[in-house]
Asker: 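I'd like to ask some things about the structure below.
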Amino acid sequence: MIAPIVTLFLMMMVLCAIAALQVSDLLGAVVIFGAFSFFSAIFFTLLGALDVAFTEAAIGAAITTVFFVSAIYRTHRKVT
Amino acid sequence: MEAETLSVVNYWLAASLFLIGLYGILARPHLVRKLMAMNILQVAVIVFFIILGYKSDATPPIVRQGDETPIARNYINPLPHTLMLTAIVVSVSTTGVALALLIRIHRRFGTLDESELIEKLK
Amino acid sequence: MEHTPILIVLVPLTSALLIPFLAMGGGRFARAGLLFATAGSLLSSILALRASLEGEVLSYHVGGWPPPWGIEIVIDPLSGVMATLVSFLAVLAAFYSGPYLSGWTARRTGTFCSLFALLVTGLQGIVVTGDLFNLYVFLEISSISAYALLSSGGSKSVVAVFRYLLIGTVAASFYLIGVGYLYAMTGTLNMADMAARLPETSDSPVIVVAVSFIVIGLAIKAALFPLHGWLPDTYTYAPGPVIGFVAAVMTKVSAYALYRILFYVFVAGTGPREPLLLLGWASVIAVVAGSLMALAQKDVQRMLAYSSIGQMGYIMLGIAIGTPLALTGALLHVVNHAVMKGCLFMVVNGVQWRLGVFRVRDFAGMGRRLPLTMAAFTVAALSMIGLPPTAGFFSKYYLALAALESGYIPFLAALILSSLLGAVYFFRVLEKVYLSPENVEKTRDTSELPLPMLAPILTLAVLVLLLGVFNQTVVTELIQPGLPS
Amino acid sequence: MQQLLQRIAWLPFVAAAAILFYAARDLPTMADPNAPASTHVSPRYIESALEETGASNMVTAVLADYRAYDTLGETVVILTAGLACLLVLGAFTPARSGPTEKEAMPYEFGSDIVDATSRLLIPFIILFALYVVVHGHTSPGGGFQGGAICAAAIILVRLVRGRAPGLKLLPTYTVAIGSIGVLVYTGTGLVSLFFEKNFLDYSGLPLPFHGGHLREMGSLSVETGVFITVTAVMVLIFDVLTMGSEE
Amino acid sequence: MSGGPLAAVLVSLVAAVAIFVFRNHPNLREAVTLAAAVIKFAIVFSLLPTVLDGGVVESQPLELVPGWALHLRADAFGMVFALLASSLWILTSVYSIGYMRSGGYTHQTGYYASFAICVSSAIGIAFAANLATFFIFYEILTIATYPLVIHRRNEEAIAGGRKYLAYTLIAGQALLVAVVWSASLAPGATFQPGGFLSGSASSGTLQALFVLFIIGIGAKAAIMPLHGWLPAAMVAPTPVSALLHAVAVVKAGVFGCVRIVGFVFGVDLIRELGLANILAFAAGTTILIASIRALGEDHLKRRLAYSTVSQLSYIVLGAALGSLHALVGAIFHIAAHGFMKITLFFCAGSIYTKTHKEYIADLRGLGREMPVTFGAFTLGALGLAGMPLFAGFISKWNLGLGALEADHTIYVGVLVLSGLLNFAYFFPIVYTGFFGKSDAPFRFKEASVLLWLPLAVTAVISILLGIFPDIGLHFYELAWQAAESLVAPAPLMLAGGGE
């Protein structure tokens with residue numbers, strides 16, 4: 001029975017989401033956001049969605065994070 | 001019974017993710033943060049769909065070697081997975097465009113804070 | 001000829017893909033590509049419409065897979081009319097954008113034209129599809145290309161578009177969640193199949209939730225008050241060549257999608273229409289509030305934007321009442337409003353392009369400077385107010401009659417009030433245009449607009465009159481065959 | 001007015017929350033094999049995908065064949081995003097007060113070790129990407145994943161070595177490559193159209209295969225298109241975001 | 001011959017286009033105006049024999065939306081209005097040419113074109129066979145009149161134009177609702193003598209509907225308190241005021257009122273619903289209050305405007321009373337008032353052109369300098385006051401009889417009182433004109449012939465209509481014919497000389 005583990009990861013995702021929105025440093029938020037994507041990829045794997053997990057890891061975790069980072073560098077990482 | 005409770009909890013958690021995203025978009029002042037919230041919102045939708053597709057005691061939707069006549073009961077529903085691949089790609093595309101817009105905004109107004117921006121637009 | 005349904009989408013799509021290559025040869029080629037894209041789409045739309053009017057609904061199975069397994073493209077008279085409308089306005093907008101683009105570099109022109117063709121692709125895809133998820137995909141194509149196009153109007157437009165992007169994405173997510181709920185309950189994504197399977201589960205609250213989410217999502221896209229927040233700024237700062245098209249069809253296509261889902265999936269499937277009344281009251285507020293806000297504007301383009309919010313309320317009102325008469329009115333108004341709003345926005349942007357002004361008071365004396373343009377503006381404005389024999393009158397007539405017959409007197413009152421407010425804010429401009437002395441400095445070039453801009457404007461103005469006089473034909477030949485039985 | 005609206009903005013939020021939590025109980029129980037989603041439409045994908053499309057990965061079968069039109073739309077979304085970024089930032093010329101290119105690219109490491117490592121890694125990453133694309137039919141993976149990985153590799157090059165000088169025209173070419181990707185996709189569909197089958201009906205392709213095998217070739221072809229587009233556009237967006245294209 | 005009504009409408013529309021085309025050739029432009037006016041009159045006149053024989057001339061209905069056809073039909077009642085409008089258009093055109101040329105006005109092309117469209121829609125209203133057609137022409141009339149009202153383009157004109165638009169557009173919307181509503185109650189909503197709404201809905205609904213109709217029609221008919229725009233619109237050039245007051249706009253209002261009462265509801269239904277008394281009361285009040293207001297006005301044209309408000313309510317009163325003679329009087333008064341009031345406005349215009357005087361006190365002694373003008377004015381004024389041998393008397397006499405017939409003796413009193421008030425406000429003008437002391441040396445200086453000829457003609461016609469009410473255009477006969485179609489003539493007690 002994997003259901004409790006699934007729920008656990010879902011909770012981790014919720015925590016990461018809250019943290020990403022609350023952490024004061026933008027780059028830190030992006031890193032947490034990457035972790036969020038990573039947890040969701042694991043979550044998808046647990047539910048048997050291997051393709052989705054793969055895509056989420058490659059696109060969501062890697063490329064989106066890179067986009068965010070490069071955009072933040074182009075602007076500034078001011079704290080809000 | 002327990003499976004049902006857990007199932008509702010999972011739906012609720014997905015809903016919470018959705019709401020966190022919505023909250024971030026509405027309430028967080030920094031535009032990059034809003035964008036992250038938008039991503040969270042989209043992931044929430046993806047999570048929801050993936051939960052829909054899941055079947056207990058079934059394997060991922062790849063035909064096992066030697067299984068000549070696959071039976072629906074034994075494999076997880078592949079359709080939501082397909083749909084969500086699209087959703088992920090849409091989400092990264094939207095993010096890319098949004099970031100480009102952000103850079104333009106920052107170029108012109110020197111800030112990405114919503115209230116400051118409204119101030120400068122006046 | 002059996003492939004015309006897919007060509008409606010494929011022609012602009014393929015052209016959009018080729019335009020970057022054409023642009024390497026120069027901006028002119030890119031513009032020609034855009035014209036080809038829109039004209040080709042128009043041609044296939046007309047062919048498909050004609051075929052569907054002969055009584056048979058065209059169902060095209062992409063990939064050869066029958067629905068509900070594959071994706072189905074449906075051309076019934078309704079989607080045929082919408083596709084024709086969208087591509088017709090696209091052709092005009094493509095012509096209209098010519099003078100704007102002449103100063104741009106080839107590369108930028110290419111990008112612009114390509115995105116424009118993709119916008120048309122997206123809208124046409126929404127119009128013709130018979131699959132709920134496919135609709136989402138094309139919704140995103142049209143949205144992303146619209147974000148880019150609308151943001152090319154200057155730094156203020158970028159801020160406005162960023163907000164639009166956030167809200168639009170939320171809207172799309174709402175829609176997608178709604179589709180998710182429906183999928184959970186029925187296991188299918190095909191509209192017709194879902195309509196057939198919904199009655200089994202019609203008593204479930206999940207369906208109600210799904211409807212609410214889809215309605216909210218599409219209502220945001222259609223800018224129904226109070227979900228219209230993105231529209232005024234976006235439209236106000238939008239660049240000239242785009243806004244005439246976007247304002248004319250984009251919200252309309254969302255309204256169409258909403259209509260299609262409500263009436264071809266839910267009502268056909270589960271029956272009750274009463275919940276629609278909530279939408280009706282929202283529309284009543286939209287109609288009145290939009291007109292009131294329009295009244296308060298000093299900027300003509302912003303005034304038109306708010307007026308669009310009010311007019312979308314008309315359409316939603318018709319959908320909410322839901323009788324055949326009301327739907328006729330709503331769909332007729334979709335067509336009429338697209339034509340007249342397109343005309344108005346093109347005029348205002350033409351004036352801006354020529355003289356660089358937007359405010360109501362800057363329109364003083366314009367009647368003498370740009371007589372033809374302003375004549376078109378007058379015709380479209382009278383139609384917006386709803387005076388016979390212009391097109392706007394007849395859609396209002398249908399809606400009023402439907403509201404009366406269904407006994408929704410407040411709806412009727414809102415329609416009337418909005419007409420009056422419309423009269424006030426349009427006559428305010430018309431008074432300036434024709435009665436005030438000119439106050440633009442003499443050095444400016446004040447001759448009529450160049451032909452590529454003038455021709456679409458006049459075409460639309462003439463169409464406003466034609467749609468008015470021959471609306472009987474339009475209704476019986478084109479709109480009523482498309483109503484749900 | 002603005003403030004009022006912002007205060008009202010909470011209303012839809014609360015409403016959405018209430019609705020979402022309320023409806024959860026009436027949804028089919030998670031993992032229930034008898035839920036409508038698992039009993040209608042999808043069984044055919046599971047039971048006949050291998051036979052009909054030749055792909056043992058059902059997700060790929062649905063993605064590249066049953067619902068290939070969706071995937072076409074999805075690829076177009078990516079291309080649209082690339083073009084959109086180009087239009088948004090393309091007109092941008094660095095303001096005099098803005099950061100110089102050096103400052104804009106602070107992560108140009110220039111370290112020998114990083115350089116060497118990446119040089120070693122990148123061929124393998126790209127190889128892996130191609131593997132992912134080609135094996136999408138039998139294992140997780142496909143055009144999107146492969147494209148993303150390949151793009152990641154190229155972005156890695158950019159990060160490590162900085163953007164090569166003299167690539168002013170780069171975005172134009174990247175867009176062209178992206179368009180070619182979608183053209184490959186549409187082209188595959190158009191070929192079957194030409195052979196009097198429906199758009200994207202791979203059984204119309206003029207290849208010496210039959211049945212599921214033929215369709216598999218068709219999906220492979222479109223996956224290649226997806227791969228090209230995803231790679232090109234992801235790199236394009238990265239370039240535009242980091243540099244802006246000078247114009 | 002069935003194309004007659006349509007041709008009558010189209011003539012001036014075509015003329016409007018031609019006028020626009022010849023905008024740089026004033027003589028040609030005005031020739032077109034005159035020619036169109038004559039042709040139109042000829043067409044309308046050619047329909048007269050058929051109608052007098054009790055027939056109708058119908059055009060092919062053109063369906064715009066289901067149940068909403070553009071349908072023209074010339075019946076006796078419509079002919080009264082059509083003849084009035086088309087005959088007066090000729091005179092007004094002549095007068096306009098004189099007026100505009102001597103006044104040195106700009107925007108003349110727009111003026112003539114709008115004028116042509118106005119007359120076109122007036123004919124359309126006259127010949128409308130159903131509510132839909134009526135409404136469409138009614139709205140076109142509203143818009144086409146607007147450029148005329150603001151013709152001077154100054155602040156005052158624009159303010160007046162705004163007021164005009166506010167009243168008429170709001171009323172137009174009310175009328176739209178009413179029209180749509182009745183179309184949904186009785187598909188087609190074709191006018192028919194005796195009404196078509198009877199029994200189609202509850203009395204509450206019908207009452208509400210009637211109120212909407214009266215708001216819609218009442219603004220143009222200037223029933224108090226919806227009359228506010230009319231004095232404000234006096235800023236327009238005088239031929240326009242003449243058009244507004246005598247020919248097209250307000251007449252369209254009262255014409256519509258009679259149409260609604262007689263051909264949509266039917267006089268019996270109105271009485272059953274208890275609306276007749278209310279309407280009659282409103283009309284009676286308007287007659288008196290407007291007359292009193294007229295007494296207080298020093299501005300010549302504005303005094304005439306209030307006089308119009310008052311006189312129009314005669315027609316409404318006749319419709320409300322709903323007896324045979326009252327209807328005859330009302331319908332005949334449409335024509336009679338048209339000729340008399342246009343005389344007065346023409347006079348005011350001539351005086352203004354010649355002397356630029358607008359206030360009554362300034363007119364001292366002018367009568368001796370402009371005898372034709374003031375003579376005509378006197379005739380028109382006497383007619384409006386209801387002197388025997390003038391056209392106004394015939395309508396008043398019939399209205400009085402009608403009031404007795406309907407057992408509303410009080411309105412006889414109202415009519416008499418109003419006649420006295422008419423004397424009271426017209427007499428000072430005539431007196432000042434002829435006998436007021438003037439500082440200027442006496443000399444004969446009538447305005448140009450284009451100005452005084454039309455007003456002399458209309459003044460003569462007002463007398464002729466009083467003596468031979470059927471002369472030429474058969475207004476009286478048409479009025480009888482129309483009224484008899486509305487009310488069964490059987491118990492003709494008074495005419496029969498019986499009880």
Side-chain angles (χ1 to χ4, degrees), chain C residues 3 6 10 13-14 16-18 20-21 24 60-65 68-71 105 107-108 111-112 114-115 118 121-122 125 131 133-134 137-138 140-141 144-145 147-149 151-152 158 174 181 183-189 193 197 201 204-206 208-209 212-213 216 226-227 229, chain D residues 5 8-9 12 15-16 19-20 22-23 26-28 35-42 44-45 65-70 72-74 76-77 79-81 83-88 90-91 169 171-172 175-176 178-180 182-183 186 189-190 192-193 197-204 245 247:
Chain C
H3 296 295
I6 189 79
L10 267 189
L13 172 58
T14 317
L17 301 175
L18 293 175
F21 298 99
M24 291 174 185
Y60 187 87
H61 304 160
V62 185
W65 300 109
W69 295 281
I71 293 170
T105 60
R107 199 203 306 181
R108 197 163 155 76
T111 314
F112 181 92
S114 194
L115 278 167
L118 284 171
T121 311
D131 188 280
F133 190 80
N134 192 242
V137 173
F138 280 95
E140 284 295 344
I141 297 180
I144 293 182
S145 45
Y147 302 146
L149 290 170
S151 74
S152 61
V158 180
F174 267 73
Y181 277 88
Y183 178 69
M185 298 312 283
T186 62
T188 183
L189 291 167
D193 191 35
R197 290 178 59 85
T201 53
S204 165
V206 177
V208 180
V209 173
S212 336
F213 271 99
I216 292 175
L227 306 171
Chain D
L5 278 179
I8 296 176
I19 293 174
L20 277 171
Y22 165 72
D26 293 294
L27 280 169
S38 305
T39 51
H40 185 59
V41 178
S42 68
R44 169 161 177 177
Y45 296 143
D65 204 337
Y66 291 104
R67 295 183 69 90
Y69 185 52
D70 263 355
L72 171 63
E74 191 181 345
V76 174
V77 167
L79 181 70
T80 311
L83 285 164
C85 287
L86 205 57
L87 189 69
V88 171
L169 285 172
T172 316
V175 160
S179 303
I180 288 174
V182 188
L183 274 175
T186 346
L190 285 174
S192 36
L193 203 66
K197 292 280 184 177
N198 277 2
F199 182 64
L200 288 174
D201 187 344
Y202 307 135
S203 59
S245 71
E247 189 153 334

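Below, all heavy atoms of this structure are taken into account, side chains as well, without hydrogens, waters or symmetry copies. Here is how names work: the chains are called A, B, and so on, in the same order as the sequence lines, proteins then strands, and each is numbered from 1.
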Asker: Does one side chain, of Asp193(C) or His40(D), offer a donor that lies under 3.5 Å from an acceptor on the other?
Answerer: yes

Asker: What is the distance from atom NE2 of His61(C) to atom CG of Leu200(D), rounded to the nearest 0.5 Å?
Answerer: 14.5 Å

Asker: How close do Tyr45(D) and Pro68(C) get, counting heavy atoms only, and between which atoms?
Answerer: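 Minimum heavy-atom contact is OH-O, 4.1 Å.
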
Asker: Please determine, among Leu193(D), Thr39(D), Leu83(D), Asp70(D), the option with the most heavy-atom pairs under 4.5 Å with chain C.
Answerer: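 Among Leu193(D), Thr39(D), Leu83(D), Asp70(D), the one with the most close pairs to chain C is Asp70(D).
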
Asker: For Phe21(C) and Ser179(D), which heavy atoms make the closest approach, and how far apart are they?
Answerer: CE1-CB, 3.9 Å

Asker: Checking Arg67(D) against Asp131(C) for the side-chain contact (heavy atoms from CB on, under 4.5 Å) test, could you report, in this order, the C-alpha distance in whole Å, the side-chain angles of both residues, the deciding distance, and whether it holds?
Answerer: CA-CA 10 Å; Arg67(D) 295 183 69 90; Asp131(C) 188 280; 2.7 Å; yes

Asker: Could you pull out the closest heavy-atom pair between Leu87(D) and Ser152(C), with the gap in Å?
Answerer: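 For Leu87(D) versus Ser152(C), the nearest heavy atoms are CD2-CB, 4.2 Å.
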
Asker: Not counting sequence neighbours, which residues clear side chain to side chain donor-acceptor pair (under 3.5 Å) with Tyr202(D)? List them please.
Answerer: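 Here no residue qualifies.
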
Asker: Side chain, backbone, both or neither: which part of Thr188(C) has a heavy atom under 4.5 Å from chain D?
Answerer: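 Backbone plus side chain of Thr188(C), per the 4.5 Å heavy-atom cut-off to chain D.
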
Asker: Please identify, among Leu18(C), Leu118(C), Thr14(C), the residue contributing the most non-hydrogen atom pairs under 4.5 Å to chain D.
Answerer: Leu118(C)

Asker: Given the options Leu189(C), Ile144(C), Leu149(C), which has more heavy-atom pairs under 4.5 Å with chain D than any of the others?
Answerer: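 Ranked by heavy-atom pairs under 4.5 Å with chain D, first place is Ile144(C).
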
Asker: Select one option (side chain, backbone, both, neither) describing which atoms of Thr80(D) are under 4.5 Å from chain C's heavy atoms.
Answerer: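 Looking at Thr80(D), backbone and side chain both touch chain C.
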
Asker: Decide side-chain contact (heavy atoms from CB on, under 4.5 Å) for Val62(C) and Asn198(D); before the verdict, give the C-alpha distance in whole Å, the side-chain angles of both, and the deciding distance to 0.1 Å.
Answerer: CA-CA 6 Å; Val62(C) 185; Asn198(D) 277 2; over 6 Å; no

Asker: Measuring from Tyr183(C):OH to Ser42(D):OG, what's the distance to the nearest 0.5 Å?
Answerer: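 That separation rounds to 5.0 Å.
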
Asker: Under a 4.5 Å heavy-atom cut-off, does chain C meet the side chain of Ala176(D), its backbone, both or neither?
Answerer: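 Both backbone and side chain.
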
Asker: Which one of Val206(C), Leu13(C), Asn134(C) has the most heavy-atom pairs closer than 4.5 Å to chain D?
Answerer: Asn134(C)

Asker: What heavy-atom pair brings Val137(C) and Glu74(D) nearest, and what distance separates the two atoms?
Answerer: CG1-N, 3.7 Å

Asker: If every non-hydrogen atom of Gly64(C) is compared with every non-hydrogen atom of Asp201(D), which pair is closest and at what distance?
Answerer: CA-OD2, 3.5 Å

Asker: Ring centroids only, cut at 6.0 angstrom: are Tyr69(D) and Tyr60(C) within range, meaning strictly under it?
Answerer: no

Asker: Under 4.5 Å from any heavy atom of chain D, what part of Phe133(C) do you find: side chain, backbone, both or neither?
Answerer: both

Asker: Could you walk me through whether Thr121(C) and Val76(D) pass the side-chain contact (heavy atoms from CB on, under 4.5 Å) test, one step at a time?
Answerer: CA-CA 10 Å; Thr121(C) 311; Val76(D) 174; 5.5 Å; no

Asker: Could you pull out the closest heavy-atom pair between Ser151(C) and Val88(D), with the gap in Å?
Answerer: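 The pair with the smallest heavy-atom distance is OG-CG2, 3.5 Å.
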
Asker: Under a 4.5 Å heavy-atom cut-off, does chain D meet the side chain of Ile6(C), its backbone, both or neither?
Answerer: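 Just the side chain, heavy atoms under 4.5 Å.
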
Asker: Would you please indicate yes or no on a ring centroid separation below 6.0 angstrom for Tyr66(D) and Trp65(C)?
Answerer: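 Close enough - the centres of the two rings lie under 6.0 Å apart.
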
Asker: Pair Leu17(C), Leu79(D) - check side-chain contact (heavy atoms from CB on, under 4.5 Å), show working.
Answerer: CA-CA 9 Å; Leu17(C) 301 175; Leu79(D) 181 70; 3.3 Å; yes

